[in-house]
Amino acid sequence: APVLAGEGLEPQAVGAAFHQIDTSLEDAAAAARQYSAALLAGFGSLGHQGMPAFDLILLGLGGDAHTASLFPGTGAVAVEDRLALAVTPMTAPHERVSLSLPVLLGAQELVVLATGAAKAEALRRVLVERDPEAPASHLTRAGRRLLFLLDEAAAGGLGKDAGTRQ
C-alpha cells in the first residue's frame, strides 16, 4: 500500500510506494490538487468515504493543538470534500498543504507523537476536554486506531489518569 514519505526516504528502503507533496510549486492550492491526484492514482482503490486508506499515519501535535497542518481558526477540519488542502495558519505567514481530516480518519492506524511540557496544555485540550476548537481533538473519532506517544512532560497536564486507555 502507498505510504506518505518525508524528505530523504527512498522507496526502496521499505519496498512501498511514496507520494510526496511537490514543494517546488509556489501555489499551495495547486500543490494540494496535484497531491490529491497523485494519491488517487497511487492507491488505485479507495476506502471509507472514497478516501485513500493509509495503513499508518504518523502525526505530531503542535502547542496550539494542531496536527498535520490542520490549524485552529482556519476551518481546515471542516473540509470533507478534498484529500489534500491548502492551509494558511493564523500564526504563520506561509501556506501549507495538509491531508484532510477524512483522510486522516480513514487510516488503519493513527499515531500522534507529543513531547515536552509545551505540549501539555494542548494534550489536555485534546484528550481531556475534547475541545472542538483543538483540531487534533477530532482525531479521537478514530477510536481504537488512535495511539498517542507521550513523554512524561507532555503527559503532565492529563492528571492522575494519564496512561489509562480512554
Side-chain angles (χ1 to χ4, degrees), residues 1-6 9 11 13-21 32 35-72 74-85 87 89 96-116 118-166:
V3 295
L4 184 62
L9 296 176
V14 292
F18 284 75
H19 300 282
Q20 294 179 292
I21 298 168
Y35 188 58
S36 294
L39 289 176
L40 287 172
F43 273 87
S45 65
L46 300 177
H48 181 67
Q49 296 181 342
M51 298 292 163
F54 284 93
D55 293 324
L56 171 72
I57 297 178
L58 177 62
L59 299 164
L61 178 71
D64 60 357
H66 83 270
T67 192
S69 281
L70 304 176
F71 286 87
T74 62
V77 294
V79 174
E80 296 188 356
D81 62 344
R82 286 173 269 168
L83 304 181
L85 60 144
V87 179
R96 299 180 183 201
V97 175
S98 180
L99 290 173
S100 65
L101 183 61
V103 173
L104 299 178
L105 293 176
Q108 292 297 311
E109 300 289 335
L110 285 173
V111 177
V112 181
L113 176 65
T115 61
K119 306 295 173 70
E121 174 63 17
L123 274 166
R124 186 187 58 71
R125 288 179 62 206
V126 170
L127 295 177
V128 176
E129 293 179 11
R130 307 275 171 121
D131 179 356
E133 299 299 316
S137 71
H138 296 271
L139 297 178
T140 60
R141 297 186 343 215
R144 64 172 176 78
R145 304 172 322 221
L146 178 61
L147 173 66
F148 279 81
L149 301 177
L150 314 172
D151 66 2
E152 193 171 324
L158 297 179
K160 66 177 182 164
D161 293 329
T164 62
R165 188 173 186 101
Q166 296 200 14

* Any donor and acceptor pair, going by atom type alone, linking the side chain of Thr115 with main-chain N or O of Asp151 inside 3.5 Å? -> no
* Asked: Out of Leu139, Leu147, Leu127, which one pairs with Val112 under the side chain to side chain contact (heavy atoms under 4.5 Å, CB included) rule?
  -> Leu139
* **Closest non-hydrogen atom pair, Ala134 against Ala65** => CB-CB, 3.5 Å
* Student check: side-chain heavy atoms of Leu83 and Met51 closer than 4.5 Å -> yes
* Structure fact -> Output for pair (Arg125 CZ, Leu61 CG), nearest 0.5 Å, gives 9.5 Å
* How far does CG of Leu99 sit from CG of Leu59, to the nearest 0.5 angstrom? -> 8.5 Å
* To do: Hey, could you give me the CG/OG1 distance between Leu110 and Thr67, rounded to the nearest 0.5 Å?
  => 8.5 Å
* What pair of heavy atoms forms the shortest contact from Ala114 to Ala154, and how long is it? -> O-CB, 3.5 Å
* Measure the CZ-CG distance between Phe54 and Leu39 for me, rounded to the nearest 0.5 Å. => 5.0 Å
* To do: Could you give me the CA-CA distance, side-chain angles and deciding distance for Glu80 and Leu101, then say whether side-chain contact (heavy atoms from CB on, under 4.5 Å) is met?
  => CA-CA 7 Å; Glu80 296 188 356; Leu101 183 61; over 6 Å; no
* Asked: Rounded to the nearest 0.5 Å, how far apart are NE2 of His138 and CD of Glu133?
  -> 7.5 Å
* Heavy-atom distance under 4.5 Å between the side chains of Val97 and Ser69, does that happen here? -> no
* Can you see which heavy atom on Ala53 is nearest to which on Phe43, and at what distance? => O-CE2, 3.6 Å
* **Minimum heavy-atom distance between Ala153 and Ala120, given as atom pair plus value** => O-CB, 3.8 Å
* **Over all atoms of both residues, closest heavy-atom pair of Asp55 and Gln108** => O-CB, 3.2 Å
* First locate atom CZ of Arg96, then atom CG of Leu85, and finally report the distance between them rounded to the nearest 0.5 Å. => 12.5 Å
* **Beyond-backbone contact of Val128 with Leu123, side-chain heavy atoms, under 4.5 angstrom** => no
* Asked: Does Ser137 use its side chain to pair, donor to acceptor, with the backbone of Asp131 at less than 3.5 Å?
  -> yes
* **Polar side-chain atom of Ser100 near backbone of Val79 as donor-acceptor pair, under 3.5 Å** => no
